[in-house]
There are 2 protein chains.
Amino acid sequence: MTDTPLLHRSPISRRHCNLAKSFDLIGDRWTLLILRSALYGVRRFDDFQAELDVPRSVLSKRLANLVEGGIMERRPYSEQGQRARVEYHLTRMGETLGLPFMAMTAWADRWLGGGTSPLTLRSRSTGRKLSVALVDERGKRADREDIELVVDARFSEKK
Amino acid sequence: MTDTPLLHRSPISRRHCNLAKSFDLIGDRWTLLILRSALYGVRRFDDFQAELDVPRSVLSKRLANLVEGGIMERRPYSEQGQRARVEYHLTRMGETLGLPFMAMTAWADRWLGGGTSPLTLRSRSTGRKLSVALVDERGKRADREDIELVVDARFSEKK
DNA sequence: CTATCTGAGTTGCAATAGCGAACCTAGATG
DNA sequence: CATCTAGGTTCGCTATTGCAACTCAGATAG
């Protein structure tokens with residue numbers, strides 16, 4: 001296992017790094033916890049609040065940020081004989097966070113859960129176990145040593 | 001595309017959720033940015049500081065947390081004719097965050113970068129483009145509708 | 001037609017965390 | 001013996017968080 005070579009600067013400048021930008025949007029403990037719940041199907045203010053025990057004022061602000069960022073949307077609903085209320089649904093943009101969250105879950109199960117996985121993923125059609133991996137177009141897994149980073153020079157440090 | 005069914009509580013209680021635990025460790029904007037740089041090969045205090053423009057006091061605290069959490073380790077080094085100094089290396093635990101970060105990068109390129117990817121991944125041996133995906137043991141990609149969540153009942157809400 | 005319940009917030013205040021600048025320290029160099 | 005460098009710490013100020021209480025709007029009950 002060779003160490004990655006020492007660098008003094010990242011190959012992609014922070015201004016151009018979409019990953020870095022994404023952290024402005026979701027790089028916050030409560031936001032991440034809200035998204036975790038939302039990906040499971042939680043949608044309502046009081047459900048988020050009760051499940052996470054997040055201060056209502058903070059929850060309110062975080063949900064507003066997520067809506068502004070396009071990750072969630074406010075959608076009115078009404079239950080029989082109740083006045084109209086509001087749910088927070090993931091947009092398509094929000095739903096696609098599923099994959100990074102699954103990758104993160106696998107990491108966390110391995111390193112923080114001692115290898116126990118409270119939740120596993122399975123193919124409904126084939127019954128096979130699913131996992132997140134780095135693969136080529138054919139589905140062949142790449143191993144760590146075989147990965148090459150290709151940097152688009154337009155996005156490097158000083159342009 | 002059917003909506004995920006409404007839930008009032010997540011299927012995994014927060015106490016048992018390793019994903020939720022991981023957010024205590026890395027669910028913070030600066031921590032995430034530090035890890036991004038570290039995965040590229042940045043290791044030194046002043047390099048992190050200059051690249052990220054993070055307050056030195058905050059950087060100091062975050063690095064200490066990462067070391068305490070087992071994600072990074074302090075390692076002494078000396079350059080010729082310089083006194084011994086310290087670098088922050090990712091441990092194996094830290095390195096394996098690469099996959100979640102690659103998944104997150106792909107998400108961010110798609111939704112925040114308008115589809116432009118400053119950085120792409122390629123297989124050194126085959127030259128093929130690599131991407132993060134949810135696959136079965138054979139490398140067959142699963143599509144969204146075909147994913148089943150299997151919950152270990154021991155970790156549900158009330159035990 | 002007033003009183004109560006419920007879900008979805010807002011408000012106010014104290015405690016905490018973050019920010020930026022200045023300072024410290026230990027050896028190597030001029 | 002003054003300066004430089006890398007890796008920090010300290011300090012005062014501001015911004016954000018956490019918590020409890022309050023509001024608001026409609027539906028239902030008495």
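Residue numbering restarts at 1 for every chain, and letters A, B, ... go by the order of the sequence lines. These numbers come from the heavy atoms of this one structure, side chains and all, not from hydrogens, waters or symmetry mates.
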*Does a donor on one side chain sit under 3.5 Å from an acceptor on the other, for Ser123(B) and Asp146(A)?*
yes
_Between Asp24(B) and Arg29(A), does any side-chain N to carboxylate O distance fall below 4.0 Å?_
yes
_Salt bridge check, Arg56(A) against Asp46(A): does any charged N sit closer than 4.0 Å to a carboxylate O?_
yes
*Among the clusters formed by ILVMFWY side chains lying less than 4.5 Å apart, do Val135(A) and Ile147(A) turn up in the same one?*
no
*Nearest-nucleotide 5' precedence on DNA chain D, Leu63(B) against Gln80(A)*: Leu63(B)
*Could you tell me the separation between the CG atom of Leu59(A) and the P atom of dG9(C), rounded to a whole number of Å?*
8 Å
_B/S/- contact track for nucleotides 17-27 of chain C, protein heavy atom under 4.0 Å_ = -SSB-B---BS
*Would you please name every residue forming a side-chain contact (heavy atoms from CB on, under 4.5 Å) with Ser117(B), sequence neighbours left out?*
Asp109(B), Thr120(B)
_Leading and trailing nucleotides of DNA chain D with any atom under 4.0 Å from heavy atoms of chain A_ = dT17(D) to dT28(D)
*Using a 4.5 Å cut-off on heavy atoms from C-beta on, say whether the side chain of Lys129(B) contacts that of Glu137(A).*
yes
*Check the distance between dC5(C)'s C1' and Glu79(A)'s CD and give it to me in whole angstrom.*
15 Å
_For Phe45(B) and Gly81(A), find the nucleotide of DNA chain D closest to each by heavy atoms; which residue's nucleotide sits nearer the 5' end?_
Phe45(B)
*Go through residues 68-76 of chain A and report each residue with a non-hydrogen atom lying under 4.0 Å from DNA chain D, sorted by number.*
none
*asked:* So Tyr77(B), base contact, sugar-phosphate only, or nothing? Heavy-atom distance under 4.0 Å.
replied: sugar-phosphate
*Give a yes-or-no answer on whether the side chains of Glu73(A) and Thr91(A) include a donor-acceptor pair shorter than 3.5 Å.*
no
*Whole angstrom is fine here: how far is it from CG in Asp47(A) over to P in dT6(C)?*
14 Å
*Taking ILVMFWY side chains as joined if any heavy atoms are under 4.5 angstrom apart, and letting links pass through other members, which residues group with Val150(B)?*
none
_Base, sugar-phosphate or nothing for Tyr88(A)? Non-hydrogen atoms, less than 4.0 Å._
sugar-phosphate
*Listed by chain and number, what are the side-chain contact (heavy atoms from CB on, under 4.5 Å) partners of Asp47(B), not counting sequence neighbours?*
His8(A), Arg9(A), Val42(B), Arg44(B)
*When you check the gap from the basic side-chain N to the acidic O, do Glu95(B) and Arg144(A) get nearer than 4.0 Å?*
yes
_Side chains of Thr96(B) and Trp111(A): any donor to acceptor distance under 3.5 Å?_
yes
